[in-house]
Novice: 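Before I ask anything, let me first share the structure, which is written out below as structure tokens.
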Protein chains: 2
Amino acid sequence: MRAIFLGVQRPFLHPPSETLRLESILYALADPVRLEIVRRLATGDCPLNCSTAAPAHLPKSTQSHHFQILREAGLVHSERRGTEVVNVLRLDEIEAKFPGVVSTILKAAKPLECPDAAKRGG
Amino acid sequence: MRAIFLGVQRPFLHPPSETLRLESILYALADPVRLEIVRRLATGDCPLNCSTAAPAHLPKSTQSHHFQILREAGLVHSERRGTEVVNVLRLDEIEAKFPGVVSTILKAAKPLECPDAAKRGG
DNA sequence: TTCAATAGTTCAATAGTCTTGAACTTCGGA
DNA sequence: TCCGAAGTTCAAGACTATTGAACTATTGAA
């Protein structure tokens, strides 16, 4: 027996840049997986769907959770395109509000070593 | 009845700068209380003991916990002086390893609004 | 030396968050 | 309409944070 399933796909919520909080951004970037996602979005220089941006060995539900945190922190803008979700970094907005913070972190961030790294020619 | 108390005061452990991790530093700074502690240590420009550096309304055990995380991340060096513990930011070491990261975050950080702020002439 | 005060640590319990498998939605193609 | 692909939602167990109470350690005074 299961409770009523509320799994309607709700539209993504993106905080306006006035409400961005430094702590939320740091928290989002403090996780190795999320830092890697943001790094790929930044260096790839193009929108990426969730499974391309996240380390491939991660369960989908975990990936989804990480993207939710990145969205809520205001780091990433997500949009459904057919069956997939394309993600774009909100770097300009964040740089305007917290100059240098994310770009400096990204410069210091090393690529994450993970099981799928070899497949990508790393 | 209580288990054997192991509360011997152990010496503080400070990670050498070679083992500092960006994620741990971001994690430590992602908490509003810890960001405020680091901000006070940076702007005060002098060593501060735990109760001076932390927001005053916080329980001691919580303060102690936050300083432990700051120490383990390598952000803070602590040393016992009599009954108190003096804390110094390890800013130079961190800047050498992750240039600009912490200094940029500190520039973007606003003072924390908290119950004891008024007492300090804020 | 004994006492009390001060500064901080440690422990334990509870509250909150993260990770992940399973069930589900939604879209697009055959 | 049926199927697969891409993500979301939910639930449960694992992990982490917060905090009161008990404790250690040092200092200064009597």
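First the proteins, then the strands, lettered A, B, ... as listed; each starts at 1. Bear in mind that the values here come from a model prediction, so they are computed numbers and not experimental data.
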Novice: Tell me every residue that passes side-chain contact (heavy atoms from CB on, under 4.5 Å) with S61(A), counting only those two or more places apart in sequence or in another chain.
Specialist: P59(A)
Novice: Measure CG/N49(A) against P/dG28(C) and give the value in whole Å, please.
Specialist: 14 Å
Novice: Rounded off to whole Å, could you give me the CD-to-C1' distance for the E79(B) and dA7(C) pair?
Specialist: 16 Å
Novice: Which of the following nucleotides, dA6(D), dT19(C), dT18(D), is nearest to the side chain of E84(A)?
Specialist: dA6(D)
Novice: Looking at every heavy atom in both A108(A) and F98(B), which two are closest together, and how far apart are they?
Specialist: CB-CD2, 4.0 Å
Novice: Starting from L13(B) and following side-chain heavy-atom contacts under 4.5 Å between hydrophobic residues (I, L, V, M, F, W, Y), which residues can be reached?
Specialist: none
Novice: For C50(B) and P59(A), find the nucleotide of DNA chain C closest to each by heavy atoms; which residue's nucleotide sits nearer the 5' end?
Specialist: C50(B)
Novice: Rounded off to whole Å, could you give me the NZ-to-P distance for the K60(A) and dT26(C) pair?
Specialist: 15 Å
Novice: Hey, what else clusters with F12(B) if you join Ile, Leu, Val, Met, Phe, Trp, Tyr whenever side-chain heavy atoms sit under 4.5 Å?
Specialist: V85(B)
Novice: Applying side-chain contact (heavy atoms from CB on, under 4.5 Å), name anything that partners S17(A), two or more places apart in sequence or on another chain.
Specialist: L20(A), R90(A), E93(A)
Novice: For residues 70-78 of chain A, which residues have at least one heavy atom under 4.0 Å from DNA chain C?
Specialist: none
Novice: Please confirm whether the shortest side-chain N or O distance from T62(B) to OP1 or OP2 of dT19(D) is below 4.0 Å.
Specialist: yes
Novice: Specify the separation, in whole Å, of atom CD of Q68(A) and atom C1' of dT8(D).
Specialist: 9 Å
Novice: Using the side chain to side chain donor-acceptor pair (under 3.5 Å) criterion, which residues pair with H65(A)? Sequence neighbours excluded.
Specialist: none
Novice: Without placing hydrogens or testing angles, list every side-chain donor-acceptor pair under 3.5 Å for residues 70-78 of chain A, not counting sequence neighbours.
Specialist:
residue : atom : partner : partner atom : Å
R71(A)  : NH1  : S78(A)  : OG           : 3.1
E72(A)  : OE2  : Q68(A)  : NE2          : 3.1
S78(A)  : OG   : N87(A)  : OD1          : 2.7

Novice: Rounded to the Å, how far apart are L58(B) CG and dT18(D) P?
Specialist: 9 Å
Novice: So, OP1 or OP2 of dT16(D): does either fall under 4.0 Å of a side-chain N or O from H65(B)?
Specialist: no
Novice: Looking at the side chain of H66(B), which of dG7(D), dG28(C), dT18(D) is the nearest nucleotide?
Specialist: dT18(D)
Novice: Please state how far atom CZ in R81(A) lies from atom C1' in dT26(C), giving the value in whole angstrom units.
Specialist: 16 Å
Novice: If you find the nucleotide of DNA chain C closest to S61(B) and the one closest to T83(B), which residue's nucleotide is nearer the 5' end?
Specialist: T83(B)
Novice: Heavy atoms only: give me the nearest R40(B)-A54(B) pair and the separation to one decimal.
Specialist: NH1-O, 3.3 Å
Novice: Using the test side chain to side chain donor-acceptor pair (under 3.5 Å), find all partners of E84(A) that sit at least two apart in sequence or belong to another chain.
Specialist: N49(A)
Novice: Quick one: stems involving DNA chain D, counted as three or more successive Watson-Crick or G-U pairs, both distances short of 3.5 Å.
Specialist: C:1-30 with D:1-30
Novice: For F12(B) and dG8(C), what is the distance between atoms CZ and C1' respectively, to the nearest whole Å?
Specialist: 8 Å
Novice: Are V33(A) and I25(B) joined in one hydrophobic group, where the rule is that I, L, V, M, F, W and Y side chains link up if heavy atoms are under 4.5 Å apart?
Specialist: yes
Novice: If each of G82(B) and V86(A) is mapped to the nucleotide of DNA chain D with the nearest heavy atom, which maps nearer the 5' terminus, i.e. the 5' end?
Specialist: V86(A)
Novice: What is the separation between atom CG on D31(B) and atom C1' on dT17(C), rounded to the nearest whole Å?
Specialist: 14 Å
